[in-house]
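Everything numeric here is computed off the predicted structure, so don't read it as measured data.
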Amino acid sequence: MSFGGSILAGLSAVRRSKRLLGLSAVSTALLSLPAAAWVGRRFHEAAAHRPDAVDLARSLDLDVLFDVKQGAGGFDADLTALVVAALVPYFVLRPLVLGGYCGVAATDRRLPFATFVREGGIVYWKFLRIALIGLLGLWGASLAAKPLIDTFDGFAKSAGDEGAAARYRLFSHVVAVGILFVPRLVMDYARVGVRIHRTPGVLRQTGRAALFVVSHPFRTVGVFLVARGFEIAAVLLFLPLLRAADGAYLTTTAVVVLLSTALVALREASAMFHVAAAYHLRRADETAPPPAPRSGEDGPDILEAPLPWRDS
């Protein structure tokens, strides 16, 4: 499938799955609500009495964080516990959601919720193992990115021009983020490979996914960048709306919660878009017909003939 065709397939999957994306966003918001409510309450206690409280909220100024830590003993430890309590169920449920996204990608019809859950359940344990492999890959990518950041930070410190120093740091951060995105890119193609082939080998599918990404860098990376562009656009749209929320305490809180849930829904749409586009890219490549014989030959060259492992 062409790059444009995969983009259209991703958009079509998002268009016919608005309710599923809404449910996914609400479940994610509920998981993060206890930590967000606790942090919001601490900020309210520390800054609500200040005359510049509204300006602090609108500018998202983190200087008030010092006051929060001073007024609440054990703030860091409590916040860490709440974040871990939210991340653990999120990590456990995420394979089910991504399995459902692959099920959406595999059909042109609107997927009922029961079918969505069944699709996720069928591949749940495989996707959970892929998530663990992805964590190891992310750890390895972070180790690989650290020397790069340190090197360019040294260049920035030795640069006489402040603008050159800023460019060095920006370049190192952009490259580091790109390195950290590589495991996520490969894992998405591993997931769609598991869904396409229904084979038990998770490590094998991860290796084949990495080879697929390396073999088709422009299409795979291009689709990934489009998905990340949608996600960044959603965040950039969210920030001005958040700053514009101004009213009574409960009204503003309700507006912020609704906006945050909408942002999560848009980020989930970006994730579904990439999974669907990746599914169609990989399925089109791996179901391609064998190459045609060269002129003057009775059949294709033996090296070009489909090998047994390609059909397994």
Side-chain angles (χ1 to χ4, degrees), residues 17 19-47 57 60-62 64-69 71-101 113 116-117 120-121 123-125 127-139 141-142 177 180-181 183-184 187-188 191 227-228 230-232 234-235 237-239 241-242 245 249-250 252-272 274-275:
S17 306
R19 293 181 181 178
L20 294 175
L21 290 171
L23 287 173
S24 179
V26 170
S27 63
T28 302
L30 290 176
L31 289 175
S32 61
L33 187 59
W38 182 82
V39 172
R41 186 63 185 173
R42 290 293 180 268
F43 271 81
H44 174 73
E45 292 173 354
L60 302 178
D61 191 346
L62 294 182
V64 74
L65 186 60
F66 178 77
D67 296 337
V68 174
K69 290 185 176 181
F75 176 83
D76 291 336
D78 292 342
L79 180 59
T80 301
L82 284 170
V83 170
V84 170
L87 286 179
V88 169
Y90 177 82
F91 183 81
V92 171
L93 290 175
R94 195 63 182 167
L96 182 71
V97 174
L98 291 174
Y101 288 173
F113 179 72
F116 178 86
V117 174
V123 295
Y124 177 81
W125 294 110
F127 278 26
L128 185 60
R129 296 199 296 272
I130 289 175
L132 294 174
I133 295 172
L135 284 180
L136 292 176
L138 186 61
W139 177 69
S142 65
V177 169
L180 294 176
F181 272 142
R184 182 174 179 181
M187 292 306 109
D188 274 353
R191 292 183 183 99
R228 299 290 74 75
F230 289 152
E231 190 172 345
I232 293 171
V235 173
L237 176 65
F238 169 77
L239 290 178
L241 293 175
L242 180 61
Y249 182 81
L250 290 177
T252 303
T253 302
V255 170
V256 169
V257 169
L258 290 175
L259 288 175
S260 301
T261 305
L263 174 64
V264 174
L266 291 174
R267 295 189 70 235
E268 287 296 320
S270 172
M272 178 183 283
H274 185 253
V275 168

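- Here the closest non-hydrogen pair linking V123 and G99 is CG2-CA, 3.8 Å.
- Y124 and V92 get closest at one heavy-atom pair: OH-O, 2.7 Å.
- Scanning all heavy atoms of the two residues, the minimum distance from G121 to L96 falls at N-CD1, 3.4 Å.
- The distance from atom OH of Y90 to atom CG of L31, rounded to the nearest 0.5 Å, is 9.5 Å.
- Atom CG in L93 sits 10.5 Å away from atom CG in L128 (nearest 0.5 Å).
- A distance of 10.5 Å separates CG in L138 from CZ in R184, rounded to the nearest 0.5 Å.
- S24 approaches V97 most closely through the heavy-atom pair OG-CG1, 3.9 Å.
- Heavy atoms from other residues, nucleotides or ligands lying under 6.0 Å from CZ of F91 number more than 12.
- Of all non-hydrogen atoms in A227 and S270, the two that sit nearest each other are O-OG, 2.7 Å.
- Rounded to the nearest 0.5 angstrom, H274 NE2 and D188 CG are separated by 5.5 Å.
- The two residues F181 and R228 come nearest to each other via the heavy atoms CZ-CD, 3.8 Å.
- Considering CZ of R267 and CG of L21, their distance stands at 13.0 Å, rounded to 0.5 Å.
- Rounding to the nearest 0.5 Å gives a distance of 5.0 Å between CE of M272 and OH of Y101.
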